[in-house]
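Single-structure report; data block below.
The chain is numbered in sequence order, starting from 1.
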Amino acid sequence: MSGTAASSSPPGVTKVVIVDDQAMVRAGFAALLAAQSDIDVVGEAPDGAQGVELCRRTHPDVVLMDVRMPEMDGLEAARRLLDPPAGVTHVPKVLMLTTFDVDDYVYEALRAGASGFLLKDAPPADLIAAVRVVAEGEALLAPSVTRRLISEFARQRGGTAPRRSREKPALRLNGLTERETEVLELLSRGQSNGEIAESLFLAEQTVKTHVSRIFSKLDLRDRAQAVIFAYESGLVAPGDQ
C-alpha cells in the first residue's frame with residue numbers, strides 16, 4: 001500500500017500511516033483500519049526513516065509508529081515528525097506501538113509530543129478507537145493510565161523528576177492563573193472535564209475553556225503531555241491521589 005497525494009481522502013476521513021518493521025503487523029493493522037468507512041490507510045513503511053519521508057508526502061492525520069525498528073527507531077522518527085524543520089508545516093498526531101505497557105522509549109515519545117501509546121496485542125476495537133480518539137486531538141490514554149506510566153519511571157529513578165527537567169516547567173507554571181493551575185492539577189490526577197467541573201463547582205464548558213487555555217499557554221498538545229508537564233514541574237508528585 002503506497003503513499004498517495006495529500007488531498008486524496010474525502011473530508012471527514014482520517015488518513016493513517018503505519019510504520020512498523022514487521023510486515024505482518026503492518027498488513028493486519030492496515031486491513032483492519034481500511035475496513036472502516038472513516039479511516040483511510042494512505043501508506044506503510046518498514047522503518048522510521050522511510051516513515052518520516054512517507055509522512056512528508058502523504059500528510060496523514062495519525063501515524064501508528066512502532067517503538068523499536070532498524071535504521072531509525074520510532075522515538076527519533078516521532079521527534080522528527082512532531083518537531084519538523086523549517087518549511088515543513090504538517091505535524092501529524094503520533095500514536096506509539098509497543099510490546100510493553102511501561103517502556104522508556106514510550107515515556108520519551110510522550111515528552112516529545114506523541115499522543116499516547118497502544119499495545120500491539122490490544123483488541124482490534126481498541127486500535128480503531130485509538131485512531132479516532134487521537135485524530136480528534138485527545139490523548140489516547142486516560143490521564144490516570146498515563147500517570148501510572150510516569151509514576152513507574154519516577155519510582156525507578158528514586159521518586160523524583162530529573163533535576164534538569166524541573167526548572168523550566170516550574171517557571172512556565174507562573175504564566176497560569178490560579179484557576180488554571182487548579183484545573184491542571186486535577187486534570188493531571190486523572191479527572192475528566194466533568195469531574196473537574198464538579199470538584200471546582202464550574203460548568204463543564206468553562207473547564208473545557210480553561211483546559212484549552214492551559215494547553216495554549218504551556219504549548220502542550222494534549223492531556224498526556226499535561227500530565228508529564230505537571231509531574232516535571234513539581235505541581236503533582238508521583239503517587240499523588
Side-chain angles (χ1 to χ4, degrees), residues 1 14-33 39 41-56 58 60-84 91-124 126-135 138-143 145-157 162 165 220-225 227-229 231-232:
M1 190 172 298
T14 298
K15 295 191 299 182
V16 176
V17 160
I18 302 169
V19 186
D20 194 295
D21 62 334
Q22 295 180 290
M24 290 293 289
V25 171
R26 295 198 308 273
F29 282 8
L32 180 65
L33 293 174
I39 297 175
V41 179
V42 298
E44 305 169 20
D47 62 63
Q50 292 185 53
V52 171
E53 192 277 331
L54 176 61
C55 290
R56 296 278 192 258
T58 59
D61 300 300
V62 177
V63 181
L64 297 179
M65 181 75 72
D66 188 20
V67 170
R68 293 180 172 82
M69 294 179 289
E71 303 300 327
M72 181 190 294
D73 65 26
L75 176 57
E76 179 58 27
R79 284 173 174 156
R80 295 192 184 192
L81 289 175
L82 296 167
D83 187 20
V91 180
K93 304 293 193 304
V94 176
L95 178 58
M96 305 304 294
L97 300 171
T98 182
T99 307
F100 308 101
D101 63 348
V102 175
D103 185 299
D104 206 359
Y105 281 89
V106 170
Y107 176 74
E108 293 300 329
L110 289 172
R111 290 189 63 202
S115 295
F117 74 91
L118 184 71
L119 295 177
K120 285 188 176 183
D121 60 358
D126 287 3
L127 172 65
I128 297 167
V131 169
R132 290 171 176 157
V133 166
V134 170
E138 288 291 336
L140 169 64
L141 303 174
V145 178
T146 306
R147 195 173 68 250
R148 179 179 62 80
L149 173 74
I150 296 168
S151 295
E152 173 64 16
F153 278 95
R155 184 190 64 77
Q156 293 175 9
R157 295 184 173 97
S165 70
L220 302 174
R221 183 177 297 263
D222 53 34
R223 298 174 94 94
Q225 279 200 314
V227 175
I228 291 172
F229 177 90
Y231 158 65
E232 293 192 330

Legend entry - Intermediate values then yes/no, side chain to side chain contact (heavy atoms under 4.5 Å, CB included), L118 and L127: CA-CA 8 Å; L118 184 71; L127 172 65; 3.5 Å; yes
Inset, instruction - Quick one: do M65 and V63 satisfy side chain to side chain contact (heavy atoms under 4.5 Å, CB included)? Show the steps, please. - result: CA-CA 6 Å; M65 181 75 72; V63 181; 3.9 Å; yes
Legend entry - Check against side chain to side chain contact (heavy atoms under 4.5 Å, CB included), V16 and F29: CA-CA 10 Å; V16 176; F29 282 8; over 6 Å; no
Inset, instruction - Calculate, to the nearest 0.5 Å, the distance between atoms CD1 and CG belonging to I39 and L33 respectively. - result: 5.0 Å
Legend entry - Minimum-distance pair of heavy atoms, taken over all atoms of S115 and K93: OG-CD, 3.8 Å
Inset, instruction - Would you please test D20 and K120 for salt bridge (charged side-chain N to carboxylate O under 4.0 Å, His left out) and show each step? - result: CA-CA 11 Å; D20 194 295; K120 285 188 176 183; 2.9 Å; yes
Inset, instruction - Give, for atom CE of M72 and atom CZ of R80, the distance between the pair rounded to the nearest 0.5 Å. - result: 3.5 Å
Inset, instruction - Mind listing the closest non-hydrogen atom pair of M96 and L75 along with its distance? - result: CE-N, 4.2 Å
Legend entry - 4.5 Å side-chain heavy-atom contact, V131 and T14: yes
Inset, instruction - State, to 0.1 Å, how close D66 and D21 come at their nearest heavy-atom pair, and which atoms those are. - result: OD2-OD1, 3.2 Å
Inset, instruction - Can you measure from CG (L97) to CZ (F117) and round to the nearest 0.5 angstrom? - result: 11.0 Å
Inset, instruction - Give, for atom CG of D61 and atom CZ of R132, the distance between the pair rounded to the nearest 0.5 Å. - result: 13.5 Å
Legend entry - Sidechain-backbone polar pair: K15 side chain, T58 backbone, donor-acceptor under 3.5 Å: yes
Legend entry - Residue pair A30 / E44: nearest heavy atoms and the distance that separates them: CB-OE2, 3.4 Å
Inset, instruction - Could you check V19 against L64 for side chain to side chain contact (heavy atoms under 4.5 Å, CB included), going step by step and ending with a plain yes or no? - result: CA-CA 6 Å; V19 186; L64 297 179; over 6 Å; no
